[in-house]
S.K.: 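Before I ask anything, let me first share the structure, which is written out below as C-alpha cells.
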Number of protein chains: 2
Amino acid sequence: MSRVGLSRSVVLDTAARLADRDGLGALTVSAVARELGVRAPSLYSHVQNAEDLRAGVSAVALTELADRVDRALAGLAGRDALGALADTHRRYAREHPGRYAAAGVLDPASSHDLVQVGRRHAEQLLAVLRGYAVPPEDRVHAVRLVASVVRGFVDLEVGGALAGSEPPAAESWPRVLERLDHALRTWEAHP
Amino acid sequence: MSRVGLSRSVVLDTAARLADRDGLGALTVSAVARELGVRAPSLYSHVQNAEDLRAGVSAVALTELADRVDRALAGLAGRDALGALADTHRRYAREHPGRYAAAGVLDPASSHDLVQVGRRHAEQLLAVLRGYAVPPEDRVHAVRLVASVVRGFVDLEVGGALAGSEPPAAESWPRVLERLDHALRTWEAHP
DNA sequence: GGATATTGCCTATAGGTTGTAGGTCCCGTA
DNA sequence: TACGGGACCTACAACCTATAGGCAATATCC
C-alpha cells in the first residue's frame with residue numbers, strides 16, 4: 001500500500017476543512033481518516049485523541065485568524081483599526097464556520113499552544129485601543145468590551161439567532177460598530 | 001420491573017442536570033438512561049433521538065432563563081432594567097453552564113418551540129430598550145447590540161477565555177455594562 | 001370481576017466511533 | 001546488504017445510537 005504522507009498538519013488541515021464543510025459536530029477521527037483515504041487508527045500517531053484533534057483545529061483557526069488580523073490592521077488606527085479587526089473576525093467566521101466554532105471552545109486544560117495564540121489576540125485588541133484615549137488601568141476592561149461585542153455579534157449571526165428577524169444582520173453590523181467606537185471614544189476615568 | 005415514571009419533562013430535566021454537572025459534551029442518551037436507572041432504548045419513547053434531547057435541553061434552558069428575566073425586570077426601567085437583564089443572564093450561565101451552553105446552539109432547523117421562546121427573549125430586550133430614547137427604526141440594531149455584549153461577555157467568561165488575565169472578569173462586568181448603558185443613552189438617529 | 005387494549009420498559013441486535021495492541025512493509029542509512 | 005524506524009495496517013474491546021419486537025403492569029370496558 002502506498003503512503004499517503006500523513007503528518008499532524010495534514011491531519012489538522014483536513015480536519016479544519018471537514019469542520020467547515022460538515023459542521024464541527026461532524027468532526028470525528030473516523031471522518032478525517034475517511035477523507036484522507038486512510039484507516040482511523042493511522043491517525044493516532046499524529047493526534048493524541050479526538051479531543052486533541054479538536055484542540056488542534058482550534059489552534060489552526062486562532063492562528064489563521066490572528067494572521068489575517070495582523071495584515072488587516074497594518075497602517076490603520078482608531079476607528080479604522082477597530083473596523084478592520086471586527087470585520088476580519090466576522091468575515092473569517094462566515095468563511096470558516098467550523099474553524100470559528102472550534103476557536104470558540106477553549107478547554108480549561110488549554111494547551112500551551114492555545115494560550116500563546118490567545119495572547120496574540122489580546123495584543124491585537126490592545127493595539128486597536130491605542131487609537132483611543134482609554135486610561136491605562138481601564139484598558140483590560142475596554143479590551144473585554146470589544147471582544148464581547150465582536151464575539152457576541154458574530155456568534156449570534158453565524159448561529160442563526162438573528163436570521164429570524166428583519167433587517168438582515170449585516171445592516172446592524174456597522175451600527176453596532178459605530179456604538180462601540182463611540183463607547184471607546186467617550187471612555188472616562190472611573191471615579 | 002417497576003415503572004420509573006418517565007416522561008419527556010423528566011428526561012429533559014435529568015438531561016439538563018447532567019449537562020450542568022458533566023458538561024454538554026457528556027450529554028448522551030446513555031448517560032441520561034444510566035442516571036435514571038433505566039435502559040437506553042427506554043428513552044426513545046420520550047425523545048426522538050440524541051439531537052432532540054439536546055434541543056429539548058435548549059428549550060428548557062431558554063424558557064427557564066426567560067422566566068427569570070421576567071421576574072428580574074418587574075418594576076425596573078432604564079439602566080436598572082438593563083443591569084437586571086444582563087445580570088440574570090450572567091448568573092444563569094454561571095449556575096447552569098451546561099444548560100446555557102445548550103441554549104447557545106440553535107439549529108438551523110429550529111423547532112417551533114425554540115422559535116417561540118426566542119421571540120420571548122427578543123421581547124424582553126425590547127422592553128429594556130423602552131427605557132432609552134432609541135428611535136423606533138433603530139431598535140432592532142440596539143437589541144442586537146445588547147444581545148451581542150451580554151452573550152459575548154458571558155461566553156468569554158464561562159468559556160474561560162478571560163481567566164488568564166487580571167483583574168477577574170467580574171470587575172470588568174460593571175464597566176462593560178456602564179459603557180453599554182452609555183451607548184444606548186447617547187443613541188442618535190442615523191443620518 | 002374478568003377480558004382487552006394500551007403503555008412502559010425490557011432484551012436483542014446492528015452499525016458507527018474511540019482507542020489500544022501488535023504486525024507488516026517501505027525507505028533511508030550504515 | 002542488513003538494519004532500524006516510521007507509516008500504515010488488521011484485530012479487537014468498549015461505548016453510543018437507534019430500531020424491532022416482547023412481556024408485564026395498568027387502564028378501560030362489559
Side-chain angles (χ1 to χ4, degrees), chain A residues 1-60 98-99 101-102 105 107-111, chain B residues 1-60 98-99 101-102 105 107-111:
Chain A
M1 281 301 124
S2 64
R3 309 298 170 90
V4 179
L6 294 186
S7 69
R8 181 170 174 90
S9 76
V10 167
V11 170
L12 293 185
D13 282 355
T14 305
R17 217 159 14 87
L18 225 68
D20 287 336
R21 202 187 64 192
D22 303 335
L24 187 59
L27 179 59
T28 66
V29 175
S30 296
V32 175
R34 253 193 312 277
E35 185 75 10
L36 284 165
V38 134
R39 301 293 181 156
S42 306
L43 299 189
Y44 284 87
S45 325
H46 307 282
V47 154
Q48 290 186 13
N49 48 38
E51 187 192 330
D52 182 42
L53 181 73
R54 285 159 201 274
V57 175
S58 274
V60 165
R99 286 161 154 93
V105 292
D107 264 278
S110 278
S111 77
Chain B
M1 279 300 125
S2 64
R3 308 299 170 89
V4 180
L6 294 184
S7 71
R8 182 170 175 91
S9 76
V10 167
V11 170
L12 293 185
D13 281 354
T14 305
R17 217 159 12 87
L18 226 68
D20 287 336
R21 201 187 65 193
D22 303 334
L24 188 60
L27 179 59
T28 66
V29 175
S30 295
V32 175
R34 251 192 315 276
E35 185 76 9
L36 284 166
V38 134
R39 302 293 183 155
S42 306
L43 299 190
Y44 284 87
S45 325
H46 307 283
V47 154
Q48 291 187 13
N49 49 37
E51 187 191 331
D52 182 42
L53 180 72
R54 286 158 201 271
V57 174
S58 275
V60 165
R99 285 160 154 97
V105 292
D107 263 277
S110 280
S111 75

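In what follows, chains are A, B, ... by sequence order, proteins preceding strands, each numbered from 1. Predicted model only: the values in this text are computed from it and were never measured.
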S.K.: What does the list of N/O pairs under 3.5 Å between the protein and nucleotides 14-16 of chain D look like, with a distance for each?
M.R.:
unit_1	atom_1	unit_2	atom_2	d
D:dC16	OP1	B:R34	NH2	3.4
D:dC16	OP2	B:R34	NH1	3.4

S.K.: Supply the atom-to-atom distance B:L18 CG to B:L24 CG, rounded to the nearest 0.5 angstrom.
M.R.: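 With rounding to 0.5 Å, CG (B:L18) is 10.5 Å from CG (B:L24).
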
S.K.: Among D:dC9, C:dG19, C:dC10, which is the nearest nucleotide to the side chain of A:A50?
M.R.: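 Of the options given, the side chain of A:A50 lies nearest C:dG19.
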
S.K.: To the nearest 0.5 angstrom, please state how far the CD atom of B:E35 sits from the OG1 atom of B:T28.
M.R.: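 OG1 of B:T28 is found 11.0 Å from CD of B:E35.
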
S.K.: Whole-Å distance between D:dT17 P and B:L53 CG?
M.R.: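 Whole-Å distance recorded here is 9 Å.
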
S.K.: What integer distance in Å separates B:L27:CG from D:dT17:C1'?
M.R.: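 Answer to the nearest Å: 13 Å.
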
S.K.: How many angstroms lie between CZ in A:R99 and CG in A:L27, if you round to the nearest 0.5 Å?
M.R.: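 A:R99 CZ to A:L27 CG: 11.0 Å, rounded to 0.5 Å.
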
S.K.: Drop me the distance from B:L12's CG to B:D52's CG, to the nearest 0.5 angstrom.
M.R.: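 Rounded to the nearest 0.5 Å, the CG-CG separation comes to 7.5 Å.
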
S.K.: For A:L43 and C:dT18, give me the distance from atom CG to atom C1', rounded to whole Å.
M.R.: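 After rounding, the reported distance stands at 12 Å.
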
S.K.: Just the rounded figure in Å: distance from C1' of C:dG16 to CG of B:N49.
M.R.: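 Those two atoms, CG and C1', are 15 Å apart.
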
S.K.: Taking atom CG of B:L53 and atom CZ of B:R8, what is their separation to the nearest 0.5 Å?
M.R.: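 Rounded to the nearest 0.5 Å, the CG-CZ separation comes to 8.5 Å.
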
S.K.: Protein-nucleotides 19-22 of chain D N/O pairs closer than 3.5 Å?
M.R.:
none

S.K.: To the closest 0.5 Å, what do you measure between CZ (B:R17) and CG (B:D22)?
M.R.: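 It is 10.5 Å, given to the nearest 0.5 Å.
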
S.K.: Rounded to the nearest Å, what distance is computed from the CZ atom of residue A:R39 to the P atom of nucleotide C:dT24?
M.R.: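 Atom-to-atom, A:R39 to C:dT24, this comes out as 18 Å.
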
